[in-house]
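Since the structure comes first, as structure tokens, the remarks are kept for the end.
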Amino acid sequence: MFKENEVYIGSPLDEQSLKQFYSKELLHWYRAQKRSLPWRENKDPYRIWVSEIMLQQTKVDTVIPYFQRFMERFPTVQQLAVAEEEEVLKCWEGLGYYSRARNLHTGAKMVVEHFGGVVPNDKTEVASLKGVGPYTTGAIMSIAFNEPVPAVDGNVMRVLSRFFLLQDDIAKQKTRVSIEHLAVSLIPEGEAGDFNQALMELGALVCTPKAPVCLTCPVMEHCAARLNGMELQLPIKTKAKPPRSEWRGVVIVEGSGEQTGKILVRQRPETGLLAQMWELPHLLLPEEKGKQWFQETATKKEPQLARLLGEMLVEEQQLIIRPTQWLMDIDHIFSHIHWKMRVYIADTSTANDWMQSDRVAETANSIAEESLPDQQSGYTTSITVKEELADMYRWIGKQDLEQLPFPNVFVRILQQYWSE
DNA sequence: TAGGCGTGGGG
DNA sequence: TCCCCAAGCCT
């Protein structure tokens, strides 16, 4: 990329003049071109805070409706602080990175408990809030309080890497710190909020990753990347590892008897992936079989995979149900995992025969004796779950879906299921 | 320090 | 279809 001893074209301006040019032109451009966004209506630090958390790794267009709904439901930091976690998560459903919501909720409680219910205007105190890192600290301090603290995100690193021809790998933390020093030195006196937003606005509207619109850029004249024809090669960033694949079997368990019309869902653990959200029961399938059987058509190999899934549900989750009817295959890609899911409807009406057979019955009987002594014999009309797992599970109807937070992939599955 | 942690849109 | 990515933080 950058060669040893290569000579690059530079601007004729000295460093000081170049910085002054950059700051002045960019600020001027921002004042004329800035978008009208909900969180720009006022400088309420709580609103700024919420918006900045939502905007982490998330596009403006995606955030807008979530922000409006969130602010209607939790207009003040006090109201957020006293809310139920589940309701906060429900408000965040579909936005992703759900630890942001849980951390924001924790942060709101911290504000009420430690800062008298007022979002602090001190850099160290702001940075102490759960979920608020270096970028968000700078964004809150500069936008809400107009304090000259840098707010360096991916946009800022890209924009400054190009203009100043910086060749450090922006995936490294050290690079962000060095760019923070540069960014501080660019902030015009008394203009921290607008200038920091101007940097990001330029990155979002003009100096974009794939196809920068240089001809509309207010600082094109002295942009080092542009002068050297290198705007598409900057910034330098090491590539992320591709997500690993996981093959998963999912069941929609249809209730019978009192639970007719309902399905079985469960809540995920308090930590880790999709923490505390609700989901359909599902299992990680053995690597080889999952991979092999998913390559066949669903219908062709259905009996084998359905049977395996049923046995695994009994042995691992101790869910006494029988998956039979294939519903759909669906992919869901996280940043680091690729879920390849095969969804079955579990037919409880034939579970009796199922339970009579071979090792399934053995396992089922031992479970019943151990942890569910009151369970009536036969499994045709009820579902048993191992006692210590029972708290996680719940029967819900279609309308209950509106109360509980579900990850997007399960929302999609259930939409299809209920649309048929 | 590097990996865990979601989702939807654009080229 | 595939790949990249977008206003990061936590551990």
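Predicted model, so just to flag it, every value in this text is computed and none were measured. Order of the sequence lines fixes the chain letters, A, B, ..., with proteins taken first and strands second; residue numbering starts at 1 for each chain.
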Please check if any side-chain donor atom of A:Tyr135 sits under 3.5 Å from a side-chain acceptor atom of A:Glu52, or the reverse.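 There is such a pair between these side chains.
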Whether the A:Tyr417 and A:Glu254 side chains hold a donor-acceptor pair (N or O, under 3.5 Å, no angle test) is what I'd like checked. yes
Tell me what [X] touches on the nucleic acid: a base, only sugar-phosphate, or nothing, going by heavy atoms under 4.0 Å.
X: A:Ile333; value: base
X: A:Gly203; value: nothing
X: A:Ser51; value: nothing
X: A:Gln197; value: nothing
X: A:Val60; value: base
X: A:Arg176; value: nothing
X: A:Arg268; value: nothing
X: A:Thr58; value: base

Can you identify which nucleotide, out of [options], has its nearest atom closest to the [X] side chain?
X: A:Lys130; options: C:dG8, B:dC5, C:dT11; result: C:dT11
X: A:Asn103; options: B:dG3, C:dC10, C:dG8; result: C:dC10
X: A:Arg100; options: B:dG6, B:dT1, C:dC9; result: B:dG6
X: A:Pro134; options: C:dC9, B:dC5, C:dG8; result: C:dC9
X: A:Lys239; options: C:dC4, B:dC5, C:dG8; result: C:dC4
X: A:His336; options: C:dG8, B:dC5, B:dG6; result: B:dC5

In whole angstroms, how far is the [atom2] atom of [N] from the [atom1] atom of [X]?
X: A:Leu104; N: C:dG8; atom1: CG; atom2: P; result: 16 Å
X: A:Leu129; N: C:dC9; atom1: CG; atom2: C1'; result: 13 Å
X: A:Leu273; N: B:dG3; atom1: CG; atom2: P; result: 17 Å
X: A:Leu274; N: B:dT7; atom1: CG; atom2: C1'; result: 11 Å
X: A:Trp92; N: C:dC9; atom1: CH2; atom2: P; result: 13 Å
X: A:Phe334; N: C:dG8; atom1: CZ; atom2: C1'; result: 19 Å
X: A:His338; N: B:dT7; atom1: NE2; atom2: P; result: 13 Å
X: A:Asp331; N: C:dC2; atom1: CG; atom2: C1'; result: 12 Å

Less than 4.0 angstrom from a charged side-chain N to a carboxylate O is my criterion; do A:Glu93 and A:Lys90 meet it? yes
Is A:Glu287 salt-bridged to A:Arg244, cutoff N-O under 4.0 Å? no
Assign each of A:Lys210 and A:Tyr97 to its nearest nucleotide of DNA chain C by heavy atoms, then name whichever residue's nucleotide is nearer the 5' end.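 Closer to the 5' end of DNA chain C: A:Lys210.
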Starting at the 5' end of DNA chain C and moving along, which residue's nearest nucleotide shows up first, A:Arg158 or A:Ile53?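 Checking each residue's closest nucleotide, the 5'-ward one belongs to A:Arg158.
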Mapping A:Asn408 and A:Lys172 to their closest nucleotides on DNA chain B, which lands nearer the 5' end?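 Its nearest nucleotide being more 5', the pick is A:Lys172.
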Nearest-nucleotide 5' precedence on DNA chain B, A:Lys241 against A:Arg412: A:Lys241
Compare side-chain N and O positions of [X] against OP1 and OP2 of [N] and report whether any pair is under 4.0 Å apart.
X: A:Tyr98; N: B:dT7; answer: yes
X: A:Ser99; N: B:dG4; answer: no
X: A:His332; N: B:dG6; answer: no

Within the modelled atom types, does a donor on one side and an acceptor on the other bring the side chain of A:Ser335 and the base of B:dG6 under 3.5 Å apart?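 A donor-acceptor contact between them is present.
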For A:Lys24, does the NZ atom sit with more than 12 other heavy atoms under 6.0 Å from it, leaving out its own atoms?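 At most 12 heavy atoms, drawn from other residues, nucleotides or ligands, come within 6.0 Å of this atom.
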Within the side chain of A:Thr208, is there an N or O that forms a donor-acceptor pair under 3.5 Å with the backbone of A:Ala204? no
What integer number of Å spans the P atoms of C:dC3 and B:dG6?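 It works out to 22 Å between them.
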If we only count heavy atoms from C-beta on, is the A:Trp92 to A:Ile53 side-chain gap below 4.5 Å?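 A side-chain contact exists here, since the closest heavy-atom pair is under 4.5 Å.
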